Amino acid sequence: MSGIHKDKSNGEWWRNGVIYQIYPRSFCDANGDGIGDLPGIVEKLDYVKSLGVDAIWISPFFKSPMADFGYDVSDYRDVDPIFGNLADFDRVIEKAHSLGLKVIIDQILSHTSDQHAWFEESRASRDNAKADWYVWADAKEDGSAPNNWMSNFGGSAWRWCTRRRQYYLTNFLKEQPDLNLHNPEVQEQLLADLRFWLDRGVDGFRLDAINHAFHNQSLQDNPGRPVKLDENGLPPVNSYEYQWHIHDKSQPENLVFLQRVRALLEEYPGAMTVGEVGDDNTHKIMAEYTTENRLNMAYSFDLLSEDCSAQFLRDTLEKNRQVIEEGWPCWSISNHDVPRSFTRWNKGFDSETAMARAPMFLLMQLMLRGSVCLYQGEELGLPEADVAFEDLQDPYGINLWPEFKGRDGCRTPMPWFNGGEINAGFSKVKPWLPVAEEHYHLAASVQEDDQHAMLNRFRALLKWHAELPSALATASQNILETGDDLLVFERASEGDAERYFVALNLGQEAAEIDLPEAFAGSEDITPEGFAGALSGSKIELPAAAARVFLKK
């Protein structure tokens, strides 16, 4: 094998690249206040570089009252003091770029904090300069909310304001009023704020909940959705799931706005966008949002689900292939909003098999058509932490406890050391969330010198991926229907100059599959550490085994 799979010269460094998500509150505390910060990120960037990733995505660090831990922005152009200051951010950019790492930052364009100066002015009266910067609506005759829209976090999406005697829209927490992007002034302001960070040297944006940016101005009720009962025969915990969300998000006006965002980024060679898209028909939205000069990439919640069966993955990947042609997906199986994949996708498997399945899922992501986003701690094989109610910080979990425990379990501090250091080396004082006891023995320092440890398995896989022939970046993808616990797919470069055959066993039992005649004489390029073998034309696959073949 030879060549580099990412062509940095054409500005599309992100295509088939690997992004590492940093949740700053929980990454590294450099100033000893129990909360991770920007200087802590600078301190650990050499470690990130050693993984073999191409870019970092930093979750929000903007000035914020932290009702939703930074996703409620009160100043788009400043750093919250708990994370540092603008000079600290500039040092992140400088250090990352010196290491060859790109820097992507979150941007929240659909809503702000209720403590943002814009909202303070908007709610003061119905006729001030920013009166129409947020989504306001009169009450119904009986004083109830304008319609039946629900918040993502449960309950009505509308909040009453006594000053204006109107309701304002909150698709998330009540402290997160929705901006009115139908107002051209709001769009201009948000584009100017994007330019502010581009001028500081960022290489791209992860656009949070970007399909929530526009609402249907008619304020029509959302239609009801047939309720899916859980394994106990109970309806959903969250009232949000009782509707088809066709009027409160994913509106056609958003497509035009995303073209304006793209036009801005075209002024900065190499700058990119990846959008978070959650919808009832995610593949359709991803396709629309990543075509016709809109977003460069999009990712959905499809692979952030509880289901990781071979059939589910086959169906999901095939739907994606059928819909997304010109566009480009970004594959993520863990992030700051869902239980960690090591726990979520290994239910029913013993610990040894679970440890083998984590690299297998990374191999899957690396070989799929698209880019990859890893979440801090995935490379250590961290399981979901069980956070006691009295230690919870996430309002989502506090509101819906105990049926839903929120997102704190995936946000606990990164374990760096396990040699007597308090809080696993994350902080010298009590951290904002406790370090999970089961994470100490998985600390980065423990795994560093063990070539068989998860950390070095991930490093080896990313190095292997970086050395694959460049044609893999845009190769076509064909998911094969095996009807069992195997996930099998082919990739083919233009003109079939390079063809890949990938087989993974997601089940509990050993399995085998025929290597297609078209791949006779192909090279087995499977990375080291994976079980499985080719015997004649049969691929033998124990549980958690994988094989990759290349035919030139």
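Quantities reported herein were computed from a predicted structural model and do not represent experimental measurements.
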Main-chain N/O of N296 paired to T273 side chain as donor or acceptor, under 3.5 Å: yes

Parallel, tilted or perpendicular, as decided by the 30° and 60° cut-offs, for the rings of Y47 and W416: perpendicular

NZ/NE/NH1/NH2 to OD/OE distance under 4.0 Å, K95 and D46: yes

Exercise: identify the closest heavy-atom pair between A545 and A531: CB-O, 3.1 Å

T282 versus D302, side-chain donor and acceptor atoms under 3.5 Å: yes

Distance (rounded to the nearest 0.5 Å) between L265 CG and L258 CG: 11.0 Å

Side-chain donor-acceptor pair present, S50, R459, cut-off under 3.5 Å: yes

For I104 against M272, the heavy-atom pair lying closest together: CD1-SD, 3.8 Å

Atom CD of Q322: over 12 foreign heavy atoms under 6.0 Å: yes

Under 3.5 Å donor-acceptor, D485 side chain and N505 backbone: no

Plane angle bin for Y71 and H336 - parallel if under 30°, tilted between 30 and 60°, otherwise perpendicular: parallel

Main-chain N/O of M367 paired with R491 side-chain donor or acceptor, under 3.5 Å: yes

Residue pair F27 / I41: nearest heavy atoms and the distance that separates them: CD2-CG1, 4.1 Å

Donor-acceptor side-chain pairing of S309 and D307 below 3.5 angstrom: yes

Donor-acceptor pair between T482 and R314 side chains, under 3.5 angstrom: yes

Check: D54 side chain, V18 main-chain N or O, donor-acceptor pair, under 3.5 Å: yes

Shortest non-hydrogen contact from E498 toward L472: OE1-N, 4.3 Å

All pairs passing salt bridge (charged side-chain N to carboxylate O under 4.0 Å, His left out) where residues 353-381 contributes a residue, at least two apart: none

Within 6.0 Å of CD in E494, more than 12 heavy atoms from elsewhere: no

Ring geometry between H245 and Y240 (parallel below 30°, tilted from 30 to 60°, perpendicular above 60°): parallel

Approximate separation, where rounding is to 0.5 Å, of K44 NZ and Q376 CD: 12.0 Å

Rounded distance (nearest 0.5 Å) linking atom CD of E188 with atom CG of L190: 9.5 Å

Residue pair L51 / L374, side-chain heavy-atom distance below 4.5 Å: no

Parallel, tilted or perpendicular: ring planes of F501 versus F549, cut at 30 and 60 degrees: tilted

Atom CD of E267: over 12 foreign heavy atoms under 6.0 Å: yes

Donor-acceptor under 3.5 Å (D80 side chain, S64 main chain): yes

Electrostatic pair R407:D394 at N-O distance under 4.0 angstrom: yes

Step-by-step side-chain contact (heavy atoms from CB on, under 4.5 Å) determination, I479 to R321: CA-CA 9 Å; I479 305 297; R321 183 198 66 81; 5.6 Å; no

CA sep, side-chain torsions, deciding dist, call: Q447, L442, side-chain contact (heavy atoms from CB on, under 4.5 Å): CA-CA 7 Å; Q447 300 193 38; L442 295 170; 3.9 Å; yes

Between R262 and Q259: side-chain donor-acceptor atoms closer than 3.5 Å: no

Polar side-chain atom of W244 near backbone of D280 as donor-acceptor pair, under 3.5 Å: no

Interatomic spacing from CH2 in W464 to CD1 in I525 - rounded to 0.5 Å: 5.0 Å

Side chains of L194 and Y268 in contact at under 4.5 Å (non-hydrogen atoms): no

Test item: K249 and N171 side chains (from C-beta on) under 4.5 Å apart, heavy atoms: no

Beyond-backbone contact of L109 with L179, side-chain heavy atoms, under 4.5 angstrom: no

Straight-line distance of L304 CG to C410 SG, nearest 0.5 Å: 10.0 Å

Shortest non-hydrogen contact between A546 and L363, atoms and distance: CB-CD2, 3.6 Å

Flag for Y396-D68: side-chain donor and acceptor within less than 3.5 Å: no

Atom CD of E94: over 12 foreign heavy atoms under 6.0 Å: no

Close side-chain approach of I58 and P24, heavy atoms under 4.5 Å: yes

Step-by-step side-chain contact (heavy atoms from CB on, under 4.5 Å) determination, V274 to L295: CA-CA 6 Å; V274 54; L295 300 175; over 6 Å; no

Side chain proximity check, I19 to Q21, heavy atoms < 4.5 angstrom: no

Backbone N/O of F342 and side chain of N346: donor-acceptor pair under 3.5 Å: yes

Non-hydrogen side-chain atoms of W345 and S334 separated by less than 4.5 Å: no

Considering all heavy atoms, the nearest I246-Q251 contact: O-NE2, 3.0 Å

N-O pairing of R91 and E43 below 4.0 Å: no

Side chain to side chain donor-acceptor pair (under 3.5 Å) partner of S371, chosen from Y299, W14, W328: W328

Interatomic distance, E490 atom CD to S476 atom OG [nearest 0.5 angstrom]: 8.5 Å

F89 and its ring-ring contact (aromatic ring centres under 6.0 Å, His included) partner, picked from F83, F196, F62, W197: W197

Student check: side-chain heavy atoms of M454 and P359 closer than 4.5 Å: yes

Whether E276 side chain and I210 backbone form a donor-acceptor pair below 3.5 Å: no

Criterion salt bridge (Lys or Arg N to Asp or Glu O under 4.0 Å) against R200, the qualifying member of D88, D193, D90: D90

NZ or CZ of R457 within 45° of F530 ring axis and under 6.0 Å: yes

Test log, rule side-chain contact (heavy atoms from CB on, under 4.5 Å), inputs R206 and D106: CA-CA 5 Å; R206 181 262 190 188; D106 250 304; 2.8 Å; yes

Main-chain N/O of D450 paired with N456 side-chain donor or acceptor, under 3.5 Å: yes

Side-chain ion pair, E306 and K347, N-O less than 4.0 Å: yes

Expected output: side-chain K551 to main-chain A518 donor-acceptor under 3.5 Å: yes

K63 atom NZ: more than 12 heavy-atom contacts under 6.0 Å: no

